[in-house]
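Here is the structure we will look at.
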Amino acid sequence: MSMVLRGTGGASGLALGPAHHWKRAVTVADPPDESVEAALARFHAAQHAAAHRLRSLAERQRAAGLREADLFDAQAMLVEDETLTEGVTTLVLEGQPLTSAIQAVVAQMQAAIANLDDDYLRERAADIAAVGVELLRALTGEQTPLFIPPGAIVIADDLTPAETVDLPLHVAGFATAGGGPTSHTVILARSRGVPAVVGIGDAILRIPAGVNVLLDGDAATVMIDPDEDALQAAQDRMAALQAIRRRQMALRDQPGRLRDGRHIALWANIGRPAEARLAREYGAEGIGLFRTEFLFLDRETPPDEEEQYVAYRAVITEFPDRPIVIRTLDVGGDKPLPYLPIAAEANPFLGIRGIRLSMQRPDLFQVQVRALLRAAFHGDIWIMLPMIATPSELAWARAQMLDAAAALAAAGIDHRPDPPLGIMIETPAAVVMADQLAREAAFFSIGSNDLAQYTLAVDRGHPTLTTHYRTDDPAVWRMIDLAARAARQASIPIGICGELGGEPEAAVALAGLGLDELSMAPARIPVVKEHLAQTSWAEAQAAAARMLGESQRSSQ
Amino acid sequence: MTEVILTVTNPVGLHARPAKLFVETVRAYKSTVTIQNLSRPQTKELPVTAFNLLQIGVRQGHQIRLRASGEDEAEVIAALTKLVEENFGE
C-alpha cells in the first residue's frame, strides 16, 4: 500500500527507483590501553587526513566551477579548529579513549550552536556533526566505497557534504531523515541536478529495502510503493519534462538560425575552463566570453604566464576549431585584488577598471597577452578588451600585443602574433566613436548590463532605482543599433555577451538588429535556439523596431 | 589594545568563505584577536577561530566588535576592517 512521507525541503526534480539504505561504514575501535602520546598522534594524523580530504574535495568542486567549494574549505578549517583540538586533547590527557573524546567534544560544540535562537544557525550544527564524521572516518583509514546499484534512491539518516559529493553519479535521487531546506546537502544536490528530499524524519529509515520509491523534490515528498495512478501521473510529468528537454537538445548540433534560415551564432559565456564542456553539451557554437577573473581572485600574487596559458589552452581542447573570445582582466575599485591596490574611489564604476587598470599595470597586461598569444597558436582565440571608451585605448592595447609578439618571437616561443583583437561595447563613448573603433577593432561585443547602466546613468545595484535600470529601454537599444550599424559598415562581426542575449524575446529582437552572434550562459542556449527557430527574419526585424521605440507598440 | 565596531553587510554573514578569509587574516598576524557579536547579546567575547565564528552566528546586518592586542594590533584590525567593509571581495 502506498504511503507518503513529507520532508522539510528538497532539490528540484522527480525520481523513481528502488530504495537503497545507505549506512556510514565507520567502525572505530581504539587499541586497548593506548598511551596518551599514541592517542594524540593518531588524533593529529586523523585531523591532517580529514583536512586534506576536504581540501581536495574543495579543489574538485572548484575545478568543476561549483560555488560550494568554499564549504569544504570551511569544514577543513573546523577539523583543525582550536576548540576541537584543545577539547579532545584535554579529555585524552584525562584518560578518555580517543574515539569517545572526539564524540564528546563534537557533541558539546554542536550543542553550543544548537542553543542559538536562529534556524539557519541551528542547521549549521550539522556542519560540526559532519566534521565529527569526517574525523572518525579518517581514524578508520581508507575505505572501499559502498556499492550502490544504478538508478537507486539512496535512503540515509543524514549525509555530510563530503558524503553527498561522493555518491556515485548513477544515483537517481536521495532522501534523508535529517537535514533542512538550507542544508548543504540540498545545495549540493541542486548543483549536481539530483532530486532530493531532506528532513523527513526517522520513518524513512524503516521502509523496506528495494521497495519502489517516488521522490518529488519540488513538493518535498516521498511516496513509498506508489500506486498505479500516482506512478502514471509521475511518469506523465517526467515524460513532459523530458520531451521539452529532448526537443531542445535535438537542436543541439544545429547552428542557431531563424525560421527562414538566416544564421545567428549562439555562443556561450564561461567563467572557468571546466565550464567549456558544459557549453559544448548545450550546443554552443563557440565561446563568446571567457572571463579570466577566476585566475586572479582569491590569491595574494597574480597568476604567472604559464598558469594562464594552461587555463586558456584547456578551453581549446573542448572547442578545437571554434572561436574562443577571451576577455582580458576586468576588475575595478569595487572589488580590488590584494596585489592590485586601487585607492578608495567615490565612484568605482567611473574609476579605474577594465582596460584602465591594465594601462596602469602594463606589467600584468603583458603577462596576460603573452599567455594569450601562446594559446592562440593552438586554437582560434580572439582577445577582447573591456571598458574601452576611446580609440587610443585600443591603440595602446594593440601596441602592447605587438610588443608581446616581438618578445615571444625573439625568444623563439610558439605563438600567434595577430589574433583578432576586439572590444566590448559598454560605454556610450564607444558607441559614439563606433565608426572609428570599427576600423581598428576586429570585432565588437555588446556588454548590455554596463551599457544600460552607463547609458541611463543608473547604478544597476541601486535599491530604489530598479525601475529606472531597464535593459529594454529604447535608449539602450538605440545604442546597440548604432554600434551594429558601425560594425556592418566596417564589415566586422558584432555580438552580445550581456544577459540580454540569453532572454528569448530579446534574442529575437537582437537578431532583428542584425547582430551576428549572441553569447549567453550555456543553459540558456537550447531555449533561445528553439525560440529563434520559430521566428522569421521579418518578425525579428519588427521586434527590433519595437525595441527601438519606432512604433506605437513600445516595449512597455 | 585596538578596537573597532563593524557592521557585516555581505549576504551569508561570517560563514563559509567569509569565515575562512577572516580566520586566515587573523592567523597572518601575531596579535590576539577577539570578536563579540553585539547583535546577539547572549553571546560572549571569544577568540577568533573557525568554530567560535560559527558559535556567535554573525548574519547580514549584525554588528561585531573586534579587539586586538599585540605588536601588530593596528594592522590586523585595519586588515579585518577592510575585509568586512569590502564584503569579503564579493
Side-chain angles (χ1 to χ4, degrees), chain A residues 51 55 58 62 67-87 105-106 108-128 131 161 182 184 187 293 296-300 331 333-338 341-342 344 348, chain B residues 8-29 32-64 75-76 78-90:
Chain A
R55 291 209 169 93
R62 207 162 274 134
R67 288 173 178 281
E68 288 69 33
D70 299 325
L71 159 68
F72 292 104
D73 277 331
Q75 291 213 328
M77 289 186 68
L78 281 171
V79 164
E80 296 170 326
D81 184 81
E82 289 87 340
T83 309
L84 178 72
T85 310
E86 282 163 22
V105 175
V106 167
Q108 281 167 18
M109 289 168 73
Q110 259 186 284
I113 293 173
N115 280 337
L116 291 171
D117 53 349
D118 182 316
D119 287 343
Y120 176 83
L121 283 167
R122 269 201 293 271
E123 274 191 17
R124 301 285 80 84
D127 290 359
I128 300 287
V131 163
T182 62
H184 289 123
I187 295 165
E293 287 73 59
F296 294 84
L297 301 174
D298 290 333
R299 55 195 297 162
E300 297 302 316
V331 295
D334 52 322
K335 43 179 173 182
L337 304 172
I342 297 175
Chain B
V8 174
T9 52
N10 69 305
V12 296
L14 272 183
H15 176 62
R17 179 172 165 276
K20 175 183 166 237
L21 292 174
F22 207 84
V23 173
E24 280 172 354
T25 304
V26 169
R27 281 188 189 161
Y29 294 84
T32 314
V33 185
T34 63
I35 182 169
Q36 185 164 16
N37 184 351
L38 301 178
S39 305
R40 285 187 197 275
Q42 74 277 26
T43 58
K44 288 177 290 194
E45 177 177 1
L46 296 166
V48 173
T49 67
F51 174 65
N52 287 343
L53 289 186
L54 205 54
Q55 215 184 154
I56 59 170
V58 180
R59 305 288 302 271
Q60 185 171 28
H62 281 188
Q63 268 202 339
I64 54 173
E75 289 87 345
V76 67
L80 292 169
T81 303
K82 190 162 179 281
L83 207 55
V84 171
E85 286 180 347
E86 290 171 357
N87 275 344
F88 302 89
E90 274 169 9

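Naming: A, B, ... by sequence-line order, numbering from 1 per chain. Just so it is clear, the structure is predicted and the values come from calculations on it, not from any experiment.
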How long is the gap from [atom1] on [X] to [atom2] on [Y], to the nearest 0.5 Å?
X	Y	atom1	atom2	value
Leu54(B)	Leu78(A)	CG	CG	6.0 Å
Arg27(B)	Met77(A)	CZ	CE	4.5 Å
Thr49(B)	Glu80(A)	OG1	CD	12.5 Å

Just jot down the side chain to side chain donor-acceptor pair (under 3.5 Å) partners of Gln63(B), sequence neighbours excluded, or say none.
none
Using heavy-atom distances under 4.5 Å, tell me whether Leu84(A) contacts chain B through its side chain, its backbone, both, or neither.
neither
Heavy-atom nearest pair, Gln55(B) first then Ile113(A), reads CA-CG1, 4.2 Å
Phe51(B) and side-chain contact (heavy atoms from CB on, under 4.5 Å): which partner among Asp127(A), Thr83(A), Val131(A)?
Thr83(A)
Checking Val26(B) now: which residues fulfil side-chain contact (heavy atoms from CB on, under 4.5 Å) with it, not counting sequence neighbours?
Val33(B), Val48(B), Leu80(B)
